[in-house]
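The structure appears right after this line, and notes come after that.
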Amino acid sequence: MKGTVHYEARDNVALMTIDNPPVNPLSSGVRAGLFEGVKKALADDSIDAIVVTGAGRAFIAGADISEFGGEQVGPGLHETLTMMENSTKPIVAALNGTAFGGGLEVALCCDYRVAAPTAPVGLPEVKLGLLPGAGGTQRLPRLIGAEKALNFILSGDPIMAPDALALGIVDGVFKGDIVAAGIKFAKDLVAKGSPTRKIRNETAVIEADRANPQIFADARTMAARRMRGRFAPEMIIQCVEGAVNSNDFDAGLQIEQVCFRQCMNHPQRGALIHLFFSEREVGKIPDVPRDTVKKPIKSAAVIGCGTMGGGISMSFVNVGIPVTVLEMNDEALKRGLGVIKRNYDIQVQRGRMTAEEVDKRMSLLTGTTDYADLKHADVIVEAIYENIDVKVETFKKLNEVAKASAILASNTSGLDIDRMAQATSRPQDVVGMHFFSPANIMKLLEVVRGSVTSIETIATVMDLGKRMNKIAVLSGNAPGFIGNRMLGQYTRQAGEIILQGATPYQVDSVMNSFGMPMGPFQMADLVGLDLGWRARKLAGVAPEDVPITARVADKLCDMERFGQKTNRGYYIYKEGSRAGQADPEVVAIVEQTSSELGIDRQAVDDDEVLKRCLYPLVNEGARILEDGIALRPCDIDIVYINGYGFPEVTGGPMFWADQQGLGNVLADIRRYGEIYGGDAWKPAPLLEKLVAEGKGFASLQGG
Ligand code: 3H9
């Protein structure tokens, strides 16, 4: 059995301390310990009351997610909670730290709850595709009302104990020794005649809510808007509706159990739990032990204050790390800093930040045009444009000015980190830090390991990413790293499909229905069609040498349709709007390009569009694994979800491919290979091997 509960009699109070490091999930040993502990306390006449608390930083992090789908050992959670709720002696939960999910539901079975001010309280099940299935959807509405309960459960976001007190979830917040406070609270109850308080018997609040069915209509509207395509929210709403519409608590529990089982059996649950564990897995690098000594990062410098440099600088100051920003001249510097200030001011207008907070963050930013001013920075990130020669020159300069212990990082989205490292006398300190635009918002950070990057540098930058509220994923140093290498296959396919018969609007609509916030052509309009066009013009590429998949975009650029920035690209945009409208003129250009290339256009159905966009991406992912560029399939999933908008509910491209059946994916790749040919449709040997062995990408998860 995993985990335990320590039992100790203190001054006629049974103190039960949950011990299941690091965060005390409700594993088999914890459930058994709680069950047996309450039984023992009830049988002991010298015990008047019970206090439950947690050892370490958490009270209870929730049900043990790793046990889902396995055989149940020992008493179930419901059995344990019934034992607690039926206790004739009062039970007080002393929330020392995190009380999440099943952990908060344990506390709601207790008669009262006291908490340390620093204890976060939440029901985050919805984020895992689940609902609070241990009575949470029934007890919380009885305690705080249906509307507040729905907001709390549907958001899944935690609140701190003082806010939980204001909401009525906890009964007291005490600084100092929370166990002592819990024991005192329990003893006071005993002094008052041992009053117990069973939430299940409280009906006043739900009876009042019964007259207001609009609460549920509003919740459904909100869920449809904010959680489009998610299965669990409607289940949650039905459970709370069940709680409100009848005083029969057990009938409500029945509804909850039926809905919980439906969530458990839904593919979204598996995908979201895969992501939960993957987010933690990506931080584990086999040859970089957890205890690797990290360099202290107290200050940073960023070279370039354009879109990327500005966003990166904001990411540093947002977590209190002072930044020196370098630009080529005063004008560029003033412009860049002005954009940062405007971005913060917008946050103030939206009520997300105070003006004082903006001043504080801006005070952490220092502008300069002199490389010598970078000499104090612990980490320097270059964010200049993508040209390897210019980057090499920059690293030569950095080598001269940076202090000996500094980490030198490049924000390149795909260039060779080793070439930059070789320009310095300390290649072990050079690393890629690839942020995604807008860098102050996007969660992903690709950390790129050069051939001699030290484990100390990697450990420091992975840790720094976490500090900056990013999810850092390690990538090997190869063109495009993980994300952009895969993206290339996806955008090339999209380009081919429109020449063969689809329209850009059909392709985007298929990808939107799949759950991508933007299809490939919407994304191209956002990024700007002119980037590739300008590069080709500069390099003097002859029209007949332009890749066929870039021909439509180049024609649009010739008409000064660069995308959103000119209000015209594949789509037409009304001034100030990001929602584009289809344009028949673009369809005509696509058709004409097909005809020039001698392609006989045929209708392409939506299923083929989806497979042709996504299977090459999966195939390239398999090659990336073979080449050792990504450590595990889950690293690719995390990159794609957090950097490229792949829908969370699919679990990422590699997890999704497993769900399609890798044999089916390979069969389609071979079939399209016969029709269309080309690199995208050459099956990766790893994919063939896995299919031959009857395995999926999940079998490689151990790294
Ligand atoms: C539920 O409760 C359902 C019930 O309503 C109904 C049941 C019938 N189980 O995140 P960290 C592991 S659903 C198993 O790095 P932090 C985690 O994988 C549950 N393991 O630490 C990691 O392992 P490793 C609802 C868990 O301090 C280690 O603990 N609850 C669980 O940054 C440390 O985690 C949730 O959704 C778990 N429940 O953050 C809460 N939780 O070291 C999920 C964590 O091997 N958990 N682990 O990689 C969290 O949000 C965060 O982990 C927490 C700690 C805030 C608690």
Side-chain angles (χ1 to χ4, degrees), residues 2-3 18-31 34 54-70 72 74-82 95-109 118-140 149 152-153 155-160 232 235-236 239 253 256-265 269-270 272-285 289-291 462-463 465-467 469-472 632 634 638 701-703:
K2 192 165 160 251
I18 296 154
D19 190 359
N20 190 16
V23 290
N24 300 333
L26 289 159
S27 317
S28 50
V30 173
R31 297 193 304 270
L34 286 172
R57 66 184 195 258
F59 172 65
I60 302 172
D64 185 337
I65 308 168
S66 64
E67 283 184 1
F68 286 170
Q72 184 181 297
L77 188 51
H78 285 278
E79 218 177 315
T80 307
L81 296 190
T82 304
L95 310 182
N96 53 302
T98 310
F100 278 4
L104 182 55
E105 291 173 294
V106 166
L108 291 172
C109 270
T118 50
V121 167
L123 291 171
E125 285 89 341
V126 70
K127 297 186 180 180
L128 302 175
L130 284 172
L131 53 84
T137 66
Q138 303 302 302
R139 291 191 181 90
L140 196 62
F152 190 67
I153 302 173
S155 83
D157 292 333
I159 55 175
M160 298 309 283
M235 294 291 98
I236 289 168
C239 290
L253 267 192
E256 184 187 271
Q257 285 192 28
V258 170
C259 291
F260 185 76
R261 264 197 303 279
Q262 289 195 48
C263 289
M264 279 296 276
N265 294 333
R269 193 269 306 172
L272 292 168
I273 287 184
H274 163 72
L275 289 186
F276 175 83
F277 285 118
S278 299
E279 278 180 14
R280 282 143 186 90
E281 193 67 15
V282 294
K284 297 171 191 160
I285 302 165
R290 259 183 198 209
D291 56 2
M462 294 294 290
D463 193 58
K466 204 170 175 186
R467 228 173 116 196
N469 297 319
K470 307 283 177 204
I471 301 182
R632 297 146 295 219
C634 72
I638 292 297
Q701 218 45 26

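We use all heavy atoms of the structure for the numbers below, so side chains are in, but hydrogens, waters and symmetry mates are not. Both counts, for ligands and for their atoms, begin at 1 and track the order of listing.
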Taking only non-hydrogen atoms of P132 and a 4.0 Å limit, the atoms of ligand 1 in range are 5 (O)
A student checking ligand 1 against G62 at a 4.0 Å heavy-atom cut-off should list atoms 2 (O)
### side chain to side chain contact (heavy atoms under 4.5 Å, CB included) between V23 and F100, intermediate numbers included
CA-CA 10 Å; V23 290; F100 278 4; over 6 Å; no
Give the C-alpha distance, both sets of side-chain angles, the deciding distance and a yes or no for side chain to side chain contact (heavy atoms under 4.5 Å, CB included) between R269 and L128. CA-CA 6 Å; R269 193 269 306 172; L128 302 175; 5.8 Å; no
### Query
Short question: side chain of H78, backbone of G135 - any donor-acceptor pair under 3.5 Å?
no
Checklist entry - Is it true that a side-chain atom of N96 and a backbone atom of A58 form a donor plus acceptor pair closer than 3.5 Å? => result yes
Please check this pair: side chain of Q72 against backbone of G74, looking for a donor-acceptor N/O pair closer than 3.5 Å. yes
- Side chain of E67, backbone of S28: donor and acceptor closer than 3.5 Å? yes
Given 3.5 Å as the limit, does a donor-acceptor pair link the side chain of D64 with the main chain of P25, or not? no
Open item on the list: Between L123 and E105, does the side chain to side chain contact (heavy atoms under 4.5 Å, CB included) criterion hold? Intermediate values first, please.
Closed with: CA-CA 8 Å; L123 291 171; E105 291 173 294; 4.2 Å; yes
Checking heavy atoms under 4.0 Å, the part of H78 that sits near ligand 1 is neither
Margin query: Quiz question for you: does at least one protein heavy atom lie closer than 4.0 Å to atom 53 (C) of ligand 1?
Written below: no
Judged by heavy atoms only, the candidate from N20, D64, N24 nearest atom 14 (C) of ligand 1 is D64
Is the side chain of T98 donor-acceptor paired with the backbone N or O of P120 at a distance under 3.5 Å, no angle test? no
For A107 and F59, the nearest pair of non-hydrogen atoms, with its separation, is CB-CE2, 4.2 Å
Atom 55 (C) of ligand 1 has as its nearest protein heavy atom F100 CE2, 3.7 Å
If we only consider heavy atoms of P124, is any one of them less than 4.0 Å away from an atom in ligand 1?
yes
If you compare K284, Q257, R57 by their heavy atoms, the one closest to atom 27 (O) of ligand 1 turns out to be R57
closest protein heavy atom to atom 30 (N) of ligand 1 is A61 O, 2.9 Å
Atom 12 (C) of ligand 1: closest protein heavy atom, distance to 0.1 Å, is V23 CG2, 4.3 Å
Considering distance alone, does some N or O of F260 sit under 3.5 Å from an N or O of ligand 1? no
For G76 and T80, the nearest pair of non-hydrogen atoms, with its separation, is O-OG1, 2.8 Å
Looking only at protein heavy atoms, what sits closest to atom 42 (O) of ligand 1 is R290 NH2, 3.6 Å
Is the backbone of L26 close enough, under 3.5 Å, to the side chain of N20 for a donor and an acceptor to pair up by distance? no
Heavy-atom proximity to atom 36 (O) of ligand 1 ranks first, among L104, I273, L128, for L128
shortest atom 49 (C) of ligand 1-to-protein heavy-atom contact is with F276 CE1, 3.9 Å
If we number the atoms of ligand 1 from 1 as shown, the ones under 4.0 Å from a heavy atom of E105 are 4 (C), 5 (O), 6 (C)
Quick check: F68 and ligand 1, any N/O pair under 3.5 Å apart?
no
Under 4.0 Å from one or more heavy atoms of E125, ligand 1 contributes atoms 1 (C), 2 (O), 3 (C), 4 (C), 5 (O), 13 (S)
closest protein heavy atom to atom 28 (C) of ligand 1 is P22 CG, 3.6 Å
Here the atoms of ligand 1 under 4.0 Å from any heavy atom belonging to P25 are 9 (N), 37 (C)
In this structure, atom 38 (N) of ligand 1 is nearest to the protein heavy atom A63 O, 2.8 Å
So, the side chain of E256 versus the backbone of T137: is there a donor-acceptor pair under 3.5 Å, distance only? yes
- Message: Keeping Q138 on the side-chain end and C239 on the backbone end, is there a donor-acceptor pair under 3.5 Å?
- Response: yes
query = Would a search of protein heavy atoms around atom 46 (N) of ligand 1 find one under 4.0 Å away?
reply = yes
Here the atoms of ligand 1 under 4.0 Å from any heavy atom belonging to F277 are 18 (O)
**Request:** Looking only at distances, please establish whether an N/O atom of ligand 1 is found under 3.5 Å from an N/O atom of S66.
**Result:** no
shortest atom 22 (C) of ligand 1-to-protein heavy-atom contact is with R280 CD, 4.2 Å
